[in-house]
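Below is one structure, written out as structure tokens; comments come after it.
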Amino acid sequence: MASAAVARSCPSSAAGKAPVRRSRSLAVTPTPKPAVRGSGTSGSISTLSRPGSGDSVRSAGIMILGATPSRPSSAGSSIAAGVRGQMPFLLPGSLTQASLIQLLPTSVRDQLEHLPAEMQEQSLAAFMLTLTGTATGEAIQRITRATCRPDVSGGSDDQTSWHGLLGATTGWRAPRLVALSEQAARPGYKAYSASEYIDTPEVLNEKARLLAQMWKRSGQDTIIYTGAGLSTAAGIGDYASKAAQSVAPHKKQASTGSRLDLRPTLAHHALASMEEKGLIGHWVQQNHDRLAQKAGFPQAKLNEIHGAWGDMKNQVKMMDDTLRRDLLEWLGSWAERANLCVALGTSLCGMNADQVPRAVADRFGHSSGEGLVIIGLQRSVYDDVASLRIWGLCDDVMKLVATELGCKVPNANVAKRGKEWDHRHPKLCYNTPVRKVSDAI
């Protein structure tokens, strides 16, 4: 069971030290000094203020991960051949565009090759422009940061990095790079660039069918783990979508009016419908928006671990705030028992609550359970140890999975329950009662 003393970032043992779980696929070690961030009640994160969380093991933002992902190393190089001879102009130092491409790591060339033609041209032009004011080495570093994982120890092949352990021998194509960014998705945390990827339609359909099969086998032993990416389609902005051409829904249409009046997304309705069918036992919700309840998901199975709007007994937590002891113990009990963890729209960058996907991935590494499934646009440190990695928008993926599971979205009865909850709790006012580890198990 999880210790009664931990914060928004780091699980601990009774002795106050972060436990170390190891498997052949996942190596996790405690971080000696936590990294923290500040956040307001709206869920927006400030990069200007990073209050310290000290060593509290119940703090929300201490990093707990020491995972060892690998950098993709495929040797795609056709882009260089395609450019060679077509860009005759010279750059500083008589360096042609084709010559610069040849200097890039093969993994970077491979990623550029997967860009849509228009974005490929724009990206190359931007990098070439960089050379007018910087040295060649710096320009190469910038494009490498934008397209690849940083160098870290450990590793696995490209197929596992892109598709998870179950996709290692499938022959699935790598996802398309749809938005390029050299910015870190979460500076100061175990995260990669804010570049975004989407699976090809054929691969996405196959992955949805596979996930549905895994979900049926897991049933009530399935835990949902969600982050800000789940709610962007409702108009709520997130912190990690930094690419100039980001495909995140809120970049196209931000919410208007009160945040308390926002409506659930298709993914929220899909999850509520799946729960009604007996396919979800627990939901760890890192968001504060209470859209899960509005979709009809039962409050009794919902752990709003980072606090929620309208909750005076479980207010929104900053990174250095202490998590509620009972909610943390409840989370820990599910980390120990869950057979399948489906993570949607979360960066998995080192929050305390990440002990849930970490534990499930660890058990899968020891041939137990269905493992961790990650659904999102950006890379994470868990990609190499996930049983299945799906690249896409939460709504798009969950629509396909719900169809495979025979779940109607929205389910009329479930949606009615959500509207009744909203009516009974104006301005989202609901105080989370004390939870026991046996609740909703």
Side-chain angles (χ1 to χ4, degrees), residues 26 163-167 199 204-233 264-287 291-292 295 297-298 301-305 331 334-348 351 353-365 368-378 380 382-383 385-407 409 440:
L26 175 65
H163 308 301
L165 297 170
L166 295 177
D199 276 318
L204 183 56
N205 284 323
E206 291 188 33
K207 288 182 176 180
R209 284 192 289 270
L210 177 57
L211 174 54
Q213 295 168 8
M214 298 164 65
W215 213 314
K216 289 176 182 178
R217 290 192 293 267
S218 180
Q220 288 275 10
D221 289 327
T222 300
I223 187 169
I224 305 301
Y225 187 59
T226 56
L230 178 70
S231 296
T232 53
T265 68
L266 184 150
H268 286 99
H269 283 295
L271 292 170
S273 179
M274 291 172 185
E275 187 283 328
E276 179 75 359
K277 202 168 183 177
L279 294 171
I280 296 175
H282 196 63
W283 183 342
V284 176
Q285 167 73 297
Q286 297 181 84
N287 299 333
L291 295 181
F297 193 91
K301 290 186 176 183
L302 193 63
N303 187 342
E304 295 170 300
I305 188 66
L331 179 147
W334 270 94
E336 294 179 358
R337 69 156 288 174
N339 188 56
L340 169 67
C341 176
V342 181
L344 297 106
T346 174
S347 297
L348 296 169
M351 297 299 100
D354 286 356
Q355 63 182 280
V356 173
R358 181 179 71 157
V360 177
D362 184 44
R363 285 195 291 275
F364 187 79
S368 175
E370 299 293 338
L372 168 64
V373 177
I374 303 175
I375 300 171
L377 297 171
Q378 298 176 347
S380 82
Y382 281 100
D383 293 346
V385 298
S387 55
L388 182 63
R389 183 58 165 100
I390 303 178
W391 305 87
L393 295 169
C394 293
D395 279 6
D396 294 344
V397 176
M398 293 309 298
K399 181 179 181 179
L400 293 174
V401 177
T403 299
E404 293 290 336
L405 291 171
C407 295
V409 180

Fill in: Residue pair D221 / S218, side-chain donor-acceptor N/O under 3.5 Å
no
Worksheet item: Is T222 reaching over with its side chain to a backbone N or O of G219, donor-acceptor style, under 3.5 angstrom?
Response: yes
Worksheet entry | H268 side chain vs T265 backbone, donor-acceptor pair below 3.5 Å | yes
Fill in: Nearest heavy atoms of L405 and A212, plus distance in Å
CD2-O, 3.5 Å
Practice prompt. Kindly indicate whether the side chain of T346, heavy atoms from C-beta on, has any atom under 4.5 Å from the side chain of Q286.
Written response: yes
Item to complete: State the CG-OH distance between N303 and Y225, to the nearest 0.5 angstrom.
Response: 10.5 Å
Worksheet item: Just checking, any donor-acceptor pair under 3.5 angstrom between side chains of D354 and Y382?
Response: no
Item to complete: Hey, could you give me the CD/CG distance between Q213 and L166, rounded to the nearest 0.5 Å?
Response: 10.5 Å
Worksheet item: Is the shortest heavy-atom distance from the side chain of F364 to the side chain of L340 under 4.5 Å?
Response: no
Worksheet item: Got a donor-acceptor contact below 3.5 angstrom from the D395 side chain to the A267 backbone?
Response: yes
Fill in: Minimum heavy-atom distance A402-A270, with the two atoms named
CB-CB, 4.3 Å
Worksheet item: Taking side chain as C-beta onward, heavy atoms only, is L302 less than 4.5 Å from F297?
Response: yes
Worksheet entry | E370 side chain to S387 side chain, donor-acceptor N/O pair below 3.5 angstrom | no
Worksheet entry | Separation between CG of L271 and OG1 of T226, rounded to the nearest 0.5 Å | 8.0 Å
Worksheet item: Is it true that a side-chain atom of K216 and a backbone atom of L279 form a donor plus acceptor pair closer than 3.5 Å?
Response: no
Discussion item. Check whether K207 reaches the backbone of R389 with its side chain - one donor and one acceptor, N or O, closer than 3.5 Å.
Written reply: yes
Worksheet item: Is a donor on one side and an acceptor on the other found under 3.5 Å between the side chain of T232 and the backbone of A228?
Response: no
Discussion item. When you measure from the side chain of K277 to the backbone of A272, do you find a donor-acceptor pair of N or O atoms at a distance under 3.5 Å?
Written reply: no
Discussion item. Please verify the inter-ring angle class for W334 with H282; under 30° counts as parallel, over 60° as perpendicular, anything in between as tilted.
Written reply: parallel
Worksheet item: Can you tell me how far the CG atom of L204 sits from the CG atom of D396, to the nearest 0.5 Å?
Response: 7.5 Å
Discussion item. Tell me if a side-chain donor or acceptor on K301 pairs with a main-chain N or O of I280 at a distance below 3.5 Å.
Written reply: yes
Fill in: Within 45° cone of W215 ring axis and under 6.0 Å: R217 NZ or CZ
no
Item to complete: Kindly indicate whether the side chain of M398, heavy atoms from C-beta on, has any atom under 4.5 Å from the side chain of I375.
Response: yes
Discussion item. Checking the side chain of R363 only, and the main-chain atoms of A338 only, is there a donor and an acceptor separated by less than 3.5 Å?
Written reply: yes
Fill in: Side-chain heavy atoms of L348 within contact of P357, under 4.5 Å
yes
Fill in: Euclidean distance, L331 CG relative to I305 CD1, rounded to 0.5 Å
5.0 Å
Worksheet item: Which pair of heavy atoms, one from L400 and one from A208, lies closest together, and at what distance?
Response: CB-CB, 3.7 Å
Worksheet item: Run the side chain to side chain donor-acceptor pair (under 3.5 Å) check on S347 and Q378 step by step: do they pass?
Response: CA-CA 7 Å; S347 297; Q378 298 176 347; 4.8 Å; no
Discussion item. Measuring only between side-chain heavy atoms, which start at C-beta, is L344 closer than 4.5 Å to I374?
Written reply: no
Discussion item. Main chain of W391, side chain of D199: is a donor-acceptor contact present, judged purely on distance under 3.5 Å?
Written reply: yes
Worksheet item: So how far is it from S231 OG to N287 CG, rounded to the nearest 0.5 Å?
Response: 4.5 Å
